[in-house]
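Here's the structure we're looking at; comments come further down.
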Amino acid sequence: MYRNRTCGELTIADVNKQVTLAGWVARVRKMGGMTFVDLRDRYGITQLSFNQEVNHDLFEQVNKLGREWVVQVIGTVAERSSKNMNIPTGEIEIIVSELTVLNASKTPPFTIETETDGGDDIRMKYRYLDLRRDAVRKNLELRHKMAFETRRYLDERGFLEVETPVLIASTPEGARDFIVPSRMNPGEFYALPQSPQLFKQLLMVSGFDRYFQIVKCFRDEDLRADRQPEFTQIDCEMSFVDQEDVLNMFEGLTKHLFKAIKGVEIPDFERMSYTDAMKLYGSDKPDTRFEMKFVELKDLTEDRDFVVFDSAEYVGAICATGCASYTRKQVDELTDFVKRPQIGAKGLIYVRYSEDSSLKSSVDKFFSEDDLRKWAERCNAKPGDLLLILPGETEKAQKQLCELRLEMGARLGLRDKNIYKCLWVTDFPLLEKDEELNRFFAKHHPFTSPKAEDIDMLDTNPAAVRASAYDMIINGVEIGGGSIRIHNSELQKKMFSVLGFSDERAEEQFGFLMDAFQYGAPPHGGIAFGLDRFVSIFAGLDSIRDCIAFPKNNSGRDVMIDAPAKVEKEQLDELGISSKPTN
Ligand code: ASP
């Protein structure tokens, strides 16, 4: 038997017991005639104690151990004289009587501690060592629990987990596909699924009724902190449901996860239409942990010969509570922030509402104190507050103001990771126009149903048609999204034509779906959650990388196994692919 107890479980109640432990040498502390070893396994750390006078040979042996050696010890649990109350095993130590080295280790390239000295690159190259660190391992434990509780909740409600294929066909909509050549069908390619969307809808036609799958999906997109080329979805679909049924079911799932895993009771979710989200927060995924809603001032700024406002389609303000005392330097920092190329504002206009109730602004030349007071009133500002104002073309200015709002929220400590605000954003537009290509794209995907009351506008004013689509937002992060689907082949055909598909192309790409819809497709709808994002919100992480065992870096590379990699020419020949790089 390699061990009968783990390194995380022994306490004062175990004193005098004989135990066998196995694990990694985290630390060796030599203190004259005593040597202490921190032995680590997945469950924790236990201190081992060696006394030169009691057992000289063992003492010699332990002093030769290096970091990360794998050892087995037999010994007796004893109460420690100097206790460490920060860890569960901190009151005891093991007086070792036998030590076996199970394996030696090279010195690891970074320290395997919560606060490591290893930079990102080196930790990714030696990810298997990084995963020995408490901090990273905890995230994977959390991930397991979330997946497990998700399965429990859905299983209890009659959902079946069904696997769908990974080698499928490329579709033109959505993000870029990863393509896989087929040796048996030279010149033809599979694609890896961006989501199991079509298959889960076909399962509804098959009568499966309630489906889910915790499933890898693939998108060949440029990477950001919350994106990976392969990521995991909790993918779900239900039949005979309307939007309300889906929202209730998955609001329930989210509440269950918070309760079961974090012990947090989440109240009923706020609901907000897409239009309101854009108007009040400049974003379809607003962070509602704090207010600071947008206030429109355009009508109050007219006829004062201030061309910046006069020529702007939109003038929006936010009120930063208690910030009237900001120094020149702080205001300049904010101005620099909005002028960064990623944000792109030309400048920032501010109004200080001083404690003595006087108002001063960066546009005093054009506006009287009375004017400013009207703005302040509309913003519900109080003495001591600072108004920050951005003018411009509506959509652009709202986006910029959104960034500024988030920055102010962060500066004012209003984005506390331990507070969770969950929200449904609903009534998204069905379509999005690409002005350059002069065509519509589906905002969600082409299978999303228009709202029944808007269907007539598909011909007359497609841009105004709203979708039965919804996103779940937690703390400003899009955790999930879905829709009620089209289940009528005629309407689906119509949708493809609005999206600029010829009949032939629609038939070629999605003929099987429209066929299926002619064999008794039930009304259905669903949702998919990004498990990686969900876990990182629960873990309070800024990046989804740390809750993935073996993530890719920012260039989509796995630096540990060195993928992607070149393949042999013969392999390419067999696939009928030219090995010459094309430019
Ligand atoms: N398949 C969709 C997505 O991946 C989600 C859904 O509509 O269920 O975004």
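All values derive from a computational prediction rather than experimental measurement. Indexing begins at 1, ligand by ligand and atom by atom, following the structure's order.
- Remark: minimum distance from atom 7 (O) of ligand 1 to any protein heavy atom is reached at Arg485 NH1, 2.7 Å.
- Protein heavy atom closest to atom 2 (C) of ligand 1, with residue, atom name and distance, is Gln197 OE1, 3.5 Å.
- The shell of residues lying under 4.0 angstrom from ligand 1, judged by heavy atoms, includes Gln233.
- Interface of Gly482 with ligand 1, defined as ligand atoms under 4.0 Å from a residue heavy atom, comprises 6 (C), 7 (O).
- Glu237 does not count as a contact of ligand 1, since none of its heavy atoms falls under 4.0 Å from the ligand.
- For the residue pair Ser170/Asp177, the side-chain donor-acceptor check at 3.5 Å is satisfied.
- Atoms of ligand 1 lying under 4.0 Å from any heavy atom of Ile527, numbered from 1 in the order shown and given with element: 8 (O).
- The aromatic rings of Phe178 and Phe218 lie perpendicular to each other, with more than 60° between the two planes, well past the 30° mark.
- The shortest N/O to N/O separation between Asp235 and ligand 1 does not fall below 3.5 Å.
- At a 3.5 angstrom cut-off on N or O pairs, His444 counts as close to ligand 1.
- In this structure, Phe510 and Phe501 have tilted ring planes: the angle between them lies in the 30° to 60° band.
- Between the side chains of Glu188 and Ser182, no donor N or O sits under 3.5 Å from an acceptor N or O.
- Among Gln194, Lys200, Arg219, the residue whose heavy atom sits closest to atom 3 (C) of ligand 1 is Arg219.
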Thr232 and Arg143: CA distance, side-chain angles, deciding distance, side chain to side chain donor-acceptor pair (under 3.5 Å) verdict | CA-CA 11 Å; Thr232 305; Arg143 186 184 179 105; 3.2 Å; yes

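- Residue Ala528 touches ligand 1 through backbone and side chain together, judged by heavy-atom distances below 4.0 Å.
- No side-chain donor-acceptor contact under 3.5 Å links Trp424 and Glu270.
- Comment: Arg133 engages Asp130 in a salt bridge, judged by a side-chain N to carboxylate O separation of less than 4.0 angstrom.
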